[in-house]
Amino acid sequence: MASAAPHAPPWPSSAPTNSASSSPPPSSAPAPGVRCFVPEADRSASAALAELSGGGLLRCASPAEAARDSALVIVLIDADGVDELFFGVEGIAKGLCTGAAVLIRSTLLPSQLEKLEQKLADEKKDVLLLDGYIFSGLSDELKQQIVVVASGRQDVAERARQFFNGLDKTIYFAEGEFCTSSKIRLVNDLLESIHFIASVEAMYLGVRAGIHPSIIYDIISNAAGSSRIFVELVPKLLSEDPLLIDFLNSSKKNASYVMDMAKAVTFPLPLLGVAYQQLIHGSSAVIGDVSASPLKVWEASFGANIVDAVSQQIYDASKLADQLVMESKSAKRIGFIGLGAMGFGMASHLLKLGFYVVAYDVYKPTMARFDDLGGSTKGSPEEVAKDVEILIIMVANEFQADSVLYGSAGAVPVLSAGTSVILSSTVSPGFVIRLNKRLEAECRDIKLVDAPVSGGVKRAADGTLTIMASGTDEALHCAGAVLSALSEKLYIIKGGCGAASSVKMVNQLLAGVHIASAAEAMAFAARLNLRTRSVFEILQHARGYSWMFGNRVPHMLDNDYTPYSAVDIFVKDLGIVSCESSNSRIPVHVSSIAHQLFIAGSASGWGRYDDAAVVKVYETLTGVKVEGKPPLLSKEDVLHSLPAEWPEDPMDDLVSVASRNSKKIVVVLDDDPTGTQTVHDIEVLTEWPVEALVEQFLKLPTCFFILTNSRSMTADKAMLLVQTVCRNLEAAAKNVPGVSYTVVLRGDSTLRGHFPEEADAAVSVLGEMDAWIICPFFLQGGRYTINDIHYVADPDRLIPAGETEFAKDAAFGYKSSNLRQWVEEKTRGRVSEKRVSTISINLLRKQGPNAVCQHLYSLEKGSVCIVNAASEKDMAVFASGMIQAELKGKKFLCRTAASFVSARIGIKPKPPICPNDLGLKRALTGGLIVVGSYVPKTTKQVDELRSQCGQSLRVIEVSVEMVSMKSTEDRDQEISRVVELGNAYIQNRKDTLVVTSRQLITGKTPEESLEINYKVSSALVEIVRRIDSKPRYIIAKGGITSSDIATKALEARRAKVMGQALAGVPLWQLGPESRFPGVPYIVFPGNVGDNSALAKVVQNWASPSRISTKQLLLNAEKGGYAIGAFNVYNLEGVEAVVAAAEAENSPAILQVPITVHYDHGTSKSDLLQALEMGFDSVMVDGSHLTLGENILYTKSISSLAHAKGLLVEAELGRLSGSEDGLTVEEYKARFTDVAQAEGFIDETSIDALAVCIGNVHGKYPPSGPNLKLDLLKDLRALTLKKGVSLVLHGASGLPRELVQECIDLGVRKFNVNTEVRNSYLESLKKSGKDLIQVMASAKEAMKAVVTEKLHLFGSAGKA
């Protein structure tokens, strides 16, 4: 069929370009009079054209008539009949006019489209063809819109935009070169076909497990296993809709086109391949010559009649849950086993809600974190299980669940009679059924609740999980309150234990297949040379979308596989599907292939990566790269002048090469801790006995670091140390059969350190090398090597390294910036400049890894080779080539900066780590920043830190002269002074900077300078060792400082590099043997970052500060709302206000003489004490005094408070009523006088004025409040002019309308007391509760009042 727009305006011409764009939703009316030709039999085409054109169709007798004199012709056609439609007697080509464009949406393969384009060009040389993918938008954003994706010459695509922008409800994308749109459609069709079969397998598996199909559909449609195909297909499946046959045949046909394309580009599609076979099988049902319903075929295959299953009695799983919660029993004491990512969030959320939780986990730092939150921990499952009413199991798998229940020190033997066990791990239904029988056999009325969870780490911590629960009615009633506390969506599944796990199994089948299919689709898109990020953006609106596609593909595009749910999780979960389906004799072909893909990913070393890393199976197998990040561009002209980078990404080759050489372990000897600044999830050893090295080799890691800290030593000591380490490595390797290793000497990117001494020492033990490799490139630090010159970058220029302050280092200074000359300088002529070989950027970027290999292979034995590099790609190309040379038998000793290490082991970067990533939310203590580095960059960074964080930072300067040049007694006194202050500041939640005095003291020789450095470093070690207050975090600034602090002060023997706190700034997790296990340890190099870098890290990790009362009121003024100020008298009141404010994302003020706002300060001595206690604001209440006395009283406190940065509120006029034990009779009350108020404000300089306009403390009279709003209006005019906030006490009992009028008239703070107090008292009247329940009930009652007021005042959502 064809349609045309006959009277389009002239189109401007432009040079063809390739770019993606989309138009905003058009506002104009549909284009009238669109001509069309539709064969009589093609009703669907007619409907599609009508939808596309907005209904204004003019039917034509032939394609030629429809196309005649048209600027744009739209063709919707399948592969068959294209030649006749275009080139027949009355074909489209006959009617096309000069300059016309044809947009074709078809099922033609790209090769067929290209032939059509050529033939059309031969017959109509001035006619241009656009490829189109047209579909109905299905996302919330584009629902009921028609999406048009056009590809071809950009100027023609932009002309077409003019037509489509004139259509109502049409969204237009111009995307790439000709055939791009059809390729995107193929990717979508791939997803649709796989999702189709996965949905069928999931539904039949669930039915065979005894779950009502409607229950499965209702739950999965709103869960992570959902897809648009599932939502559309399953109702047709359950209702035996005749359209199911068309659905099936269409999917089979589209899948065949995708398979043809995959064959053409030689790309494996294992998931689609098996899905296609199942589509063929499903369509094999025929009656006569007509296709019949596939249900009979599937009934025979899966052994279930799904239509009969639908007819079974249905129930509402959500309503059952609501009923259960209403009738459930309360629980006082909860045991929790398994504090993994999900478990920790669940247990900590229960703590927040006031449950008493006692927990156990095999990982001790996690238990320490839980203790810090106020939880209780025990040393075994047995200890946790004693005397609990409910025991929650949240471990990784069935083996662990069985172990904690029945293993050594297991929980079951000590469980009290009547205890309920909630099993929330994802396990097989069969395991749950067997476990239930074992518990019943105990004959102690131990009840099991099958309650798998879904939702991820954040939802676990927020208590918004989806939970499916099954079990006996009694068991569910005992566990209902806890299940409700943990969930946003709770479903009760009938069928007893195992039923809920069956639903979870169905969800995981779909979720796993959808992740794997997303990987297959995006890898296929990459092979088709599509821009993967654009493909993702378009398919979010299409039929092939799934929840997992939307959630996981961004991980693939960002190349970020920080684990949220690991590959190994789906190895386990799809293994459950495989096992259960096998037991039930149900074939699940697609999920079995997906399972194998996850197994392949795990076997390749990605098991602990995010499950999106299954895409790496395709990348490694085919060489494609799914990553969709924009290329990294340099700002400097010299970098722009370099040749284009090597066109292929060598990283996948590097990984595959490394896997073939899997036992070749990279051992990095790091001369200070900063060498870990480009890696993550790598272990660091700070000691190197043979036994420790054997243990490390047995793990077969890709890489590990040994922290030698040799840069702090003399050359002789450094050589001895390196020789010792190498001997121990040799001895350890001999004890581990088949293992081999290569040594990297990680040194400073600014060329400081013991070279060539350490290289000589290594060779003396390991034997002669074919070449030494010198590679100081380090992107994060701005270190580039170009044309053999090594540069240090600042934002605007490249500075030769020899001209920087680093070259002036007292111990390791140098003159040469040219690395060939630097080698000659440092070897004192032993290796001349002429003998130094070079790998240039031209070789890396134009000839690639093979040329690198050839170059290295041709070097004479004992050569020195420097590597130029200006990008991570350059580094990866070199590393790939070097590995090839190593596989051919060459041996190299590398002296490099940090970037080489990450390239050599193929590690992928991940985003900087922040406190929330490690669960640091509450600030119980301050952080500790220790600065020992003396490079000028560090001094500038310290100055900037003090400038930006001066108010919140406590600074202790350590006198270098006292600790390095004076007597032992002087040294000890200085250390004791710093320790005393440090402990006090950290305990009081103050971030504390311990910094050496900035005057650099050097010796007469390099050796003397190193000795001074040692004395200063040892003093810092002693200081940190004697600080016994556990810091929130520790930052060590400088290489020597960070090493000594970690190993000597904190006594760490090993650590794990978690990632970076800032680019180039490693963050470690110290081993459990260290003094402060679990405390983040940030290793901040002395030469990394701009002047504000240290301040940025400290601000990111600093104890969160409260916003001031003054700022709250200023924000309220700008936003036109008011702040609630709530009087509280006990911990429950504080918790109620805080909980309500957090839940509503609202600012609020606490009013009590021990916390944030000191209210009604009638005593000067009390107010003076309050000023010293850390309040944000105070109320000076002189309303009982004469005007003159009130002014003097308020003014005296105001001046003192303002000196400390506190807000001051005062009251003018006097309210009647009672508050906090004070009573003012009605006859003593008086209104605020406007004239007096102006003088009062001028004299006292207050920030907020509490006024009396008829408001009262306590209850209003039966007749209701009588506020003088005219007076309030005048007071508003005054306070607005003076910049003072209006406050109204006595908000309890004011009607909603009156409150809103007050807000409109400028009131920015309401005091609420009576209603909160009354709600507390009312809750106490309820009988039959113990103390914990009384406190929880009181808190909830007060929270409800506070929440209502926050919404009333308009502050909800304004925090």
Side-chain angles (χ1 to χ4, degrees), residues 1104-1128 1134 1136-1151 1155-1159 1175-1179 1201-1202 1205-1211 1232 1237 1241 1245-1251 1253 1255 1265 1267 1269-1313 1315-1316 1342-1359:
S1105 59
R1106 297 193 309 266
I1107 190 171
S1108 69
T1109 305
K1110 185 171 185 177
Q1111 188 62 51
L1112 286 181
L1113 294 178
L1114 289 174
N1115 291 345
E1117 182 61 46
K1118 292 177 183 177
Y1121 57 89
I1123 307 292
F1126 302 92
N1127 289 51
V1128 291
V1134 174
V1137 176
V1138 172
E1142 287 180 343
E1144 301 303 326
N1145 192 30
S1146 172
I1149 299 172
L1150 294 173
Q1151 298 195 152
T1155 184
V1156 181
H1157 178 80
Y1158 191 98
D1159 198 30
F1175 285 88
D1176 285 321
S1177 55
V1178 295
M1179 179 197 174
H1202 284 157
L1206 275 65
L1207 175 141
V1208 178
E1209 175 188 329
E1211 187 170 64
T1232 304
I1241 292 170
S1245 300
I1246 58 171
D1247 305 290
L1249 180 65
V1251 298
I1253 58 169
N1255 44 316
L1267 302 188
L1269 296 181
D1270 289 342
L1271 174 57
L1272 180 61
K1273 185 176 181 181
D1274 293 339
L1275 288 166
R1276 165 62 171 172
L1278 170 65
T1279 54
L1280 189 62
K1281 180 177 70 174
K1282 299 291 185 180
V1284 171
S1285 299
L1286 266 180
V1287 178
L1288 197 68
H1289 290 205
S1292 293
L1294 289 181
R1296 176 179 295 272
E1297 297 77 12
L1298 199 51
V1299 168
Q1300 187 58 55
E1301 284 190 77
C1302 291
I1303 293 173
D1304 294 342
L1305 289 172
V1307 173
R1308 295 297 171 249
K1309 174 175 173 271
F1310 287 97
N1311 283 19
V1312 182
N1313 182 7
E1315 288 182 65
V1316 177
M1342 291 186 286
K1343 179 183 173 183
V1345 173
V1346 173
T1347 300
E1348 188 268 330
K1349 294 301 181 186
L1350 295 178
H1351 282 275
L1352 178 59
F1353 301 153
S1355 64
K1358 303 296 196 306

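For reference, positions follow the sequence shown, starting with 1.
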query: Would L1294 and L1267 count as a side-chain contact (heavy atoms from CB on, under 4.5 Å) if you check the C-alpha gap in whole Å, the side-chain angles of each, and the deciding distance to 0.1 Å?
result: CA-CA 10 Å; L1294 289 181; L1267 302 188; 4.1 Å; yes
message: Return the CD to CD distance between E1315 and E1348, rounded to the nearest 0.5 Å.
response: 6.5 Å
statement: Taking every heavy atom of Y1121 against every heavy atom of G1354, the minimum-distance pair comes out as CB-O, 3.5 Å
query: Nearest heavy-atom pair of I1303 and F1353: which atoms, and what distance?
result: CD1-O, 3.5 Å
field: Contact summary for P1147 and L1350, nearest pair of heavy atoms
entry: O-CD2, 3.7 Å
query: Under a 4.5 Å cut-off applied to non-hydrogen side-chain atoms, are H1289 and V1251 in contact?
result: no
statement: For H1202, the side chain to side chain contact (heavy atoms under 4.5 Å, CB included) test, sequence neighbours excluded, returns S1198, V1208, S1245, D1247
- request: State the CG-CD distance between N1311 and E1211, to the nearest 0.5 angstrom.
  value: 9.0 Å
- line: Between the CD1 atom in I1149 and the CD atom in E1209, the distance rounded to the nearest 0.5 Å is 8.0 Å
query: Which pair of non-hydrogen atoms, one from A1140 and one from V1346, has the smallest distance, and what is that distance?
result: CB-CG1, 3.6 Å
- prompt: Given K1343 and V1137, is the side-chain contact (heavy atoms from CB on, under 4.5 Å) satisfied, shown in steps?
  reply: CA-CA 6 Å; K1343 179 183 173 183; V1137 176; over 6 Å; no
statement: Taken in chain and number order and not counting sequence neighbours, the residues that satisfy side chain to side chain donor-acceptor pair (under 3.5 Å) with E1301 are none
message: Any carboxylate oxygen within less than 4.0 angstrom of a Lys/Arg side-chain nitrogen, looking at K1349 and E1144?
response: no
task: Test V1307 against every option in I1253, I1123, L1272, V1287 by the side-chain contact (heavy atoms from CB on, under 4.5 Å) rule and name the one that passes.
output: L1272
Return a table of donor-acceptor pairs under 3.5 angstrom between the side chains of residues 1277-1286 and protein atoms on other chains or two or more places apart.
unit_1, atom_1, unit_2, atom_2, d
T1279, OG1, L1275, O, 3.0
T1279, OG1, R1276, O, 3.2
K1281, NZ, E1238, OE2, 3.4
K1282, NZ, D1242, OD1, 2.9
K1282, NZ, D1242, OD2, 3.3

task: Could you tell me whether the side chain of S1146 and the main chain of S1355 form a donor-acceptor pair under 3.5 Å?
output: yes
- prompt: For the atom pair SG (C1302) and CG (N1255), what is the distance rounded to the nearest 0.5 Å?
  reply: 8.0 Å
message: Just verifying a value: how many Å separate T1347 OG1 and M1342 CE, rounded to the nearest 0.5 Å?
response: 12.0 Å
